[in-house]
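The structure follows.
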Protein chains: 2
Amino acid sequence: MSSGGAAARHNRGMSQHAESAAPGLRERKKIRTRATIRVEAMRLFRENGYSSTTVEQIAEAAEVSPSTFFRYYPTKEALVLTDDLDPLVVRALANAPTGVSALTAVRMAFVDALAGLDERALLLERERQALVASEPDLRSAMLDDFRRNLELIADAMAVRTGRAADSFEVRVFAGAVIGAVQGSVDMTSNIADQVTAALEYLEQGLPL
Amino acid sequence: MSSGGAAARHNRGMSQHAESAAPGLRERKKIRTRATIRVEAMRLFRENGYSSTTVEQIAEAAEVSPSTFFRYYPTKEALVLTDDLDPLVVRALANAPTGVSALTAVRMAFVDALAGLDERALLLERERQALVASEPDLRSAMLDDFRRNLELIADAMAVRTGRAADSFEVRVFAGAVIGAVQGSVDMTSNIADQVTAALEYLEQGLPL
DNA sequence: TCCAAATTGGTAGTTACTGTCAGTTGACGC
DNA sequence: GCGTCAACTGACAGTAACTACCAATTTGGA
């Protein structure tokens with residue numbers, strides 16, 4: 001997340017009929033480098049495991065210097081944590097209808113976002129999840145990522161209901177949603193179904 | 001966590017009329033060292049911030065070598081993440097009456113556990129939470145702790161309701177509870193009141 | 001008092017990550 | 001084409017959190 005993508009949108013001059021298709025040679029090279037690093041890293045992780053693969057090895061495999069590696073990815077973890085899903089959820093939430101309950105809106109946003117992923121993205125998502133599941137270091141990092149994104153959701157909910165972002169209800173709401181989703185997701189089956197079920201259960205007041 | 005406390009309960013021989021009061025000079029010294037390290041570390045964190053305090057500085061302040069530091073705490077993070085509250089909650093939960101709803105039982109357990117803490121412990125808990133909230137590094141580490149606690153609560157609730165510990169409902173329940181509690185606590189007022197309110201709100205299905 | 005075991009400190013090494021600085025390369029006006 | 005500028009890159013040095021290992025000290029028990 002963060003830096004990489006959106007910040008580099010300053011192509012000045014030129015580009016008469018090129019909108020987003022011809023970002024210039026430099027941009028393209030950057031994108032390719034970024035992708036190469038990621039692909040090589042994933043391969044090495046698969047072959048040797050996450051923690052026993054060093055940044056130096058990744059850099060070498062991708063044919064860049066270690067310095068350059070860190071210019072593309074702020075941390076080793078970021079390689080695995082780059083997440084295309086959560087921003088989609090946040091955006092979907094902004095567009096959710098106003099007539100439904102808060103939890104329903106969140107549920108719809110999740111489902112929308114997941115539906116928006118194509119097959120390749122879903123596959124990548126699976127591999128990512130498997131990797132994360134296997135390495136403890138990565139798990140906590142991912143949960144942190146998750147948390148950050150759900151803070152965004154909390155903000156969205158605050159806006160939606162006209163409350164302060166740090167109001168008691170919004171905080172508890174966000175916390176409970178985070179927790180419920182975390183508790184619900186295991187890697188064995190469909191993510192969307194699990195999230196949906198968890199949020200419905202939450203809306204019923206968690207009867208046991 | 002792990003090693004330090006419970007594992008070192010092997011005083012062999014002797015101790016005719018000493019039960020848990022006289023753990024031997026060696027044990028006592030270890031406990032004191034452990035406490036000193038923690039106290040000094042907290043002080044340094046308060047004064048200079050978490051990330052700009054090095055393990056070396058902590059070790060020096062506590063008058064031990066860096067090697068020794070790592071024998072008492074496996075990581076720097078562990079200094080902050082050691083949590084005295086959750087085990088109490090879990091124990092209280094085991095003793096909760098069976099006639100009430102699951103969430104009510106949890107609520108009662110929290111209140112019980114919090115009542116069992118003395119003032120100094122509460123203060124430490126506050127400081128800990130503030131520190132964790134302020135440092136991003138710590139937040140992700142805390143989520144590991146979160147996961148552990150999720151499993152503890154899930155186990156207790158599973159026993160209570162006669163379900164499998166990894167059943168979907170139990171896991172979502174535990175996640176939501178912990179998430180809600182964490183979201184609810186800020187430094188400004190009584191923890192017990194906040195937790196109670198959060199769990200009641202949760203039981204109503206989080207209307208916003 | 002003496003021995004064995006536990007505890008400790010020191011030293012060397014690995015790895016993720018940061019800062020800097022000079023060399024290169026692509027972009028753009030001419 | 002061509003020079004200039006900014007961005008990109010790689011090499012280097014350095015920091016800090018650990019880890020492994022061994023020698024010295026301290027402690028508990030006989």
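To find a chain, count down the sequence lines: A is the first, B the second, and so on, and within it residues start at 1. Below, all heavy atoms of this structure are taken into account, side chains as well, without hydrogens, waters or symmetry copies.
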Margin query: Can you tell me if B:Glu47 has over 12 outside heavy atoms packed within less than 6.0 Å of its CD?
Written below: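 Atom CD in B:Glu47 is packed in, count exceeds 12.
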
Notebook entry, point to check: Using a distance-only test with no angle check, is there a side-chain donor-acceptor pair under 3.5 angstrom linking B:Thr68 and B:Ser65?
Noted result: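 B:Ser65 and B:Thr68 do have a side-chain donor-acceptor pair below 3.5 Å.
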
Next item on the list: Whole angstrom is fine here: how far is it from CD1 in B:Ile37 over to P in C:dT8?
Entry: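 Roughly 8 Å, once rounded to whole Å.
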
Margin query: Quick check on B:Glu63: does its CD atom have over 12 non-hydrogen neighbours (other residues, nucleotides or ligands) under 6.0 Å away?
Written below: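 No - once you tally the heavy atoms of other residues, nucleotides and ligands closer than 6.0 Å, there are 12 at most.
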
Item checked: Between P of D:dA17 and OH of B:Tyr73, the distance in whole Å ->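 From B:Tyr73 OH to D:dA17 P: 16 Å.
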
Check: Tell me: CD of A:Glu63 to P of D:dC8, nearest whole Å?
Finding: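 Checked: the CD to P distance equals 20 Å.
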
Next item on the list: Round to the nearest Å and state the distance from B:Arg32 atom CZ to D:dT26 atom C1'.
Entry: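 It works out to 14 Å between those atoms.
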
Checklist line | Under-4.0 Å side-chain N/O to phosphate OP1/OP2 contact, B:Lys29 with D:dT27 | finding: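 The answer is yes; a side-chain N or O of B:Lys29 sits under 4.0 Å from OP1 or OP2.
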
Check: Looking at B:Tyr72, does any N or O in its side chain come under 4.0 Å of the phosphate oxygens OP1/OP2 on C:dT7?
Finding: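 Answer no for this pair, as no side-chain N or O of B:Tyr72 is under 4.0 Å from OP1 or OP2.
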
Next item on the list: Select one nucleotide: of D:dC8, D:dA11, C:dG9, the one nearest the side-chain heavy atoms of B:Val64.
Entry: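 Within the option list, the nearest is C:dG9.
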
Next item on the list: Taking atom CZ of A:Arg91 as the centre, report whether more than 12 heavy atoms of other residues, nucleotides or ligands fall under 6.0 Å from it.
Entry: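 Open.
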
Checklist line | A:Glu56 atom CD, neighbour heavy-atom count above 12 within 6.0 Å | finding: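 No, CD of A:Glu56 has 12 or fewer neighbouring heavy atoms, counting only those of other groups under 6.0 Å.
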
What does the list of N/O pairs under 3.5 Å between the protein and nucleotides 16-19 of chain C look like, with a distance for each?
residue, atom, partner, partner atom, Å
C:dA16, OP1, A:Lys76, NZ, 3.1
C:dA16, OP2, A:Val55, N, 3.3
C:dC17, OP2, A:Lys76, N, 2.8

Check: Quick one: B:Arg28 CZ to C:dA6 C1', roughly how many Å, whole number?
Finding: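 In whole Å, C:dA6 C1' lies 17 Å from B:Arg28 CZ.
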
Checklist line | A:Tyr201 to B:Glu169 - nearest heavy-atom pair and separation | finding: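 Residues A:Tyr201 and B:Glu169, closest heavy atoms: CE2-O, 3.5 Å.
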
